Number of protein chains: 2
Amino acid sequence: MIDESPKRAATLNDVAERARVSLATASKALNGRADVAERTRERVLAAAAALEFTPNAVARGLTSGRTGTVGLLTSDLEGRFMIPILMGAEDAFGAGKIDVFLCDARGDAVREQHHLRALLSRRVDGIIVVGDNTDPRPSLGRNLPVPVVYAYAPSDDPKDLSLTPDNVTGGQEAIEHLVACGRSRIAHIGGDPAYAAARDRLKGAQQALAAAGLSFVGTPMLSEWSERWGRAATAMLLDRHPEIDAIFCGSDQIARGALDVARDLGRDVPADIAVMGYDNWTLLAEASRPELTSVDANLQELGRAAAQRIFDALDGTQQQPRGVHHLPVRTVIRGSTVPRR
Amino acid sequence: MIDESPKRAATLNDVAERARVSLATASKALNGRADVAERTRERVLAAAAALEFTPNAVARGLTSGRTGTVGLLTSDLEGRFMIPILMGAEDAFGAGKIDVFLCDARGDAVREQHHLRALLSRRVDGIIVVGDNTDPRPSLGRNLPVPVVYAYAPSDDPKDLSLTPDNVTGGQEAIEHLVACGRSRIAHIGGDPAYAAARDRLKGAQQALAAAGLSFVGTPMLSEWSERWGRAATAMLLDRHPEIDAIFCGSDQIARGALDVARDLGRDVPADIAVMGYDNWTLLAEASRPELTSVDANLQELGRAAAQRIFDALDGTQQQPRGVHHLPVRTVIRGSTVPRR
DNA sequence: CTGTTAGCGCCTTCAA
DNA sequence: TTGAAGGCGCTAACAG
């Protein structure tokens with residue numbers, strides 16, 4: 001007879017009774033503790049199996065104080081940056097025995113506060129706050145009862161721990177790569193200058209140019225994180241400065257627009273003009289013609305690191321580090337800067 | 001003196017002591033029950049506020065049997081389809097007082113089983129299983145102790161409840177739109193025929209064509225869900241059948257490739273050729289030149305619906321529905337099929 | 001080795 | 001209107 005109705009989950013008590021032992025003994029047996037006779041343990045395990053016993057982590061958490069649970073508080077799930085970070089964190093935790101509460105605040109402070117309360121009431125062991133840009137964001141506050149790590153968007157409170165990609169170095173590396181490819185007449189098309197990301201990448205690029213005894217051709221153009229802007233800016237650029245031999249773009253979307261216009265105008269990439277993107281959004285980078293060289297922020301690694309910090313804080317052995325940490329990026333080279341052999 | 005170290009969360013007992021009432025009274029006062037004197041209630045609330053008391057949902061769940069928690073079991077977080085579904089579900093739940101456990105099985109059955117155990121041990125009130133394609137997937141099994149809803153990828157067990165977009169109707173609507181735009185020499189470039197999505201969309205398209213007394217120009221070409229394939233197929237198509245006046249593509253990526261090649265070959269879109277995509281991935285659709293008409297699967301709505309089914313099951317009032325439900329799609333019209341005025 | 005007992009934090013009867 | 005007591009499922013001392 002197959003029971004199709006959802007059944008009540010078996011409890012440790014049920015197991016104990018079936019195995020004809022006390023509740024405590026059943027607990028010990030199932031938790032693999034030494035002070036249980038082997039035969040007894042077998043009986044208990046058999047009973048547990050027969051009953052499809054699933055230990056109640058909720059009850060367990062009540063006693064231990066640990067729930068084996070962390071909160072992931074994002075400000076915009078849709079954002080392209082959330083996902084890899086979230087994956088990295090989920091990955092690092094999933095390896096162990098921790099589950100992740102996902103909360104999307106939709107960029108709304110009130111909703112965020114609401115979710116924070118909910119997470120605390122569920123007694124999460126830690127919280128990761130994920131932003132969708134690298135501008136500092138308001139801190140959740142000090143002395144919360146659990147460790148908090150800010151990922152991508154740093155907290156505005158230096159007492160908090162924040163992990164964010166190193167956009168300045170990213171800009172540097174981009175220019176260094178272009179220079180290494182023999183380019184010297186380089187232009188820049190960036191994203192919205194209201195974003196720290198746009199400014200930091202530009203800053204790094206300018207530092208690297210100066211170090212190489214160069215400077216940008218024309219004024220760096222910052223406006224919008226869009227393909228459309230990439231197209232418009234490239235058209236202007238090639239019109240005013242036909243001599244440029246490389247464009248460093250502030251995002252892959254912008255770069256994609258640049259590629260399209262360069263092609264329309266009959267310029268060969270990378271022979272005439274090298275084009276670099278930023279973010280290494282493979283979906284765009286690998287679908288481009290030619291494929292796009294881009295700077296990767298290692299977001300999955302960043303998510304993993306954030307999870308690791310939570311672990312560390314839980315172990316409590318180490319002093320919880322503070323401040324904003326800038327994590328390394330890496331340049332992924334493809335056909336838009338180096339011709340295929 | 002500011003305490004910077006994480007502090008122990010206050011318990012109901014602390015509140016009761018501070019308010020000089022019994023634990024039971026404090027509980028009643030905080031839960032807004034009637035049988036508490038107004039002055040007493042005020043004292044309790046004040047004490048709770050002073051202590052920043054956050055009720056322990058874990059302990060509460062122990063007694064009530066409900067944890068106010070559901071599991072979201074995805075097979076591939078990266079997948080483009082997860083996110084809107086996940087958002088819809090998170091949205092629907094967030095409106096109430098339910099939090100979501102996110103688990104990414106990485107497409108691995110073993111890991112999925114592992115996560116399932118974890119979710120059950122945490123006594124989630126329900127589970128949503130999200131797939132990244134519309135092919136039937138193995139059921140988690142019958143008579144689990146909680147309600148389960150399959151989203152996007154249906155379960156292979158008809159006794160389960162599955163919500164999946166109606167790709168056949170989507171294909172129909174696409175063709176109907178093209179026909180309404182006055183096109184009659186229509187070709188199809190689809191994705192990987194190993195996917196039900198590719199076959200279903202084609203099937204719907206053929207039905208609609210037949211209904212209009214038409215048939216595809218050339219043989220429908222199915223191969224890969226990529227821009228590259230869109231480019232290659234379009235080049236072949238325009239070479240063999242220069243007379244075609246519309247291309248229905250199985251995805252926005254394919255359509256994007258088609259647009260690019262049409263432009264390269266000097267064809268005007270939409271004047272000479274109308275191009276339709278599928279999925280309404282705004283990132284691609286709105287960045288195209290011209291912007292791309294596409295079929296939207298209403299995934300966020302689908303996620304919301306899945307959440308709603310969990311709610312219904314929890315209320316327990318209604319009989320849990322079963323079987324595969326095909327949810328409606330909608331065509332989003334943009335410049336690639338209808339010229340801007 | 002095994003079982004008894006006391007909580008973990010909260011809610012819910014049931015008396016007082 | 002209040003408070004004492006029991007229990008949710010489990011673990012961690014202690015005794016036996």
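All heavy atoms count here, side chains included; hydrogens, waters and symmetry mates do not. As the structure is a prediction and not an experimental result, all values here were calculated from the model. Throughout, a chain's letter reflects where its sequence line sits, starting with A, and its residues are numbered from 1.
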*Among C/dC1, C/dC11, D/dG9, which nucleotide sits nearest the side chain of A/Ala37?*
C/dC1

*If you look at every strand shown and take non-hydrogen atoms under 4.0 Å, does A/Ala24 touch a base, only sugar-phosphate, or nothing?*
base

*asked:* Taking any heavy-atom pair under 4.0 Å as a contact, classify A/Thr40: base, sugar-phosphate, or nothing.
replied: sugar-phosphate

*Please tell me which of A/Phe53 and B/Arg20 maps to the more 5' nucleotide of DNA chain D, matching each residue to the nucleotide holding its nearest heavy atom.*
B/Arg20

_Whole-Å gap separating C1' (D/dG7) and CG (B/Leu62)_ = 10 Å

_Distance in angstrom units between B/Leu12 CG and C/dG7 C1', rounded_ = 16 Å

*Take atom CZ of B/Arg66 and atom P of D/dC8, then tell me their distance rounded to the nearest Å.*
18 Å

_Please determine whether a side-chain nitrogen or oxygen atom of B/Arg60 lies at a distance below 4.0 Å from atom OP1 or OP2 of C/dC11._
yes

*Please figure out whether B/Arg123 or B/Leu23 has its closest DNA chain D nucleotide nearer the 5' end.*
B/Leu23

*Using the ring of each side chain (for Trp, its six-membered ring), is B/Tyr152 parallel, tilted or perpendicular to B/Phe81, with breaks at 30° and 60°?*
parallel

*Heavy-atom closest contact (B/Pro147 atom, B/Ala313 atom, distance)*: CB-CB, 3.5 Å

*What is the distance from CG of B/Leu120 to C1' of D/dG9, rounded to the nearest Å?*
16 Å

*asked:* Under 4.0 Å, heavy atoms only, any strand: does A/Val21 hit a base, just the sugar-phosphate, or nothing?
replied: sugar-phosphate

*Checking all strands, does A/Arg33 fall into the base, sugar-phosphate, or nothing category for heavy-atom contacts under 4.0 angstrom?*
sugar-phosphate

*Could you give the CD-to-C1' distance, from B/Glu38 to D/dT2, as a whole number of Å?*
15 Å

*For D/dT2, take OP1 and OP2 only and decide whether either is under 4.0 Å from a side-chain N or O of B/Ser22.*
no

*Looking at A/Phe101, is A/Arg122 sitting on its ring face, NZ or CZ under 6.0 Å from the six-membered ring centre and within 45 degrees of the normal?*
yes

*Between B/Thr134 and B/Ala197, which heavy-atom pair has the shortest distance, and what is it?*
OG1-N, 3.4 Å

*If only side-chain N and O atoms of B/Asn13 are considered, is one of them under 4.0 Å from the OP1 or OP2 phosphate oxygen of C/dC10?*
no

*When we call it a touch if two heavy atoms are under 4.0 Å apart, what does A/Thr25 touch: a base, just sugar-phosphate, or nothing?*
base

*Using a 4.0 Å heavy-atom cut-off across all strands, classify B/Asp35 as base, sugar-phosphate, or nothing.*
base

*For B/Leu30 and D/dT2, what is the distance between atoms CG and P respectively, to the nearest whole Å?*
14 Å

*Can you tell me the distance, in whole Å, between the CG atom of A/Asn56 and the C1' atom of D/dC8?*
9 Å

_Residue A/Glu78 excluded, over 12 heavy atoms near CD under 6.0 Å_ = no

_Does either side chain, that of B/Ser139 or that of B/Asp156, offer a donor lying less than 3.5 Å from an acceptor on the other one?_
no

*For B/Thr63 and B/Lys28, take the nucleotide of DNA chain C holding the closest heavy atom to each; which residue's nucleotide lies nearer the 5' end?*
B/Thr63

*Atom-to-atom span, CG of A/Leu51 to C1' of D/dG9 - whole angstrom*: 15 Å

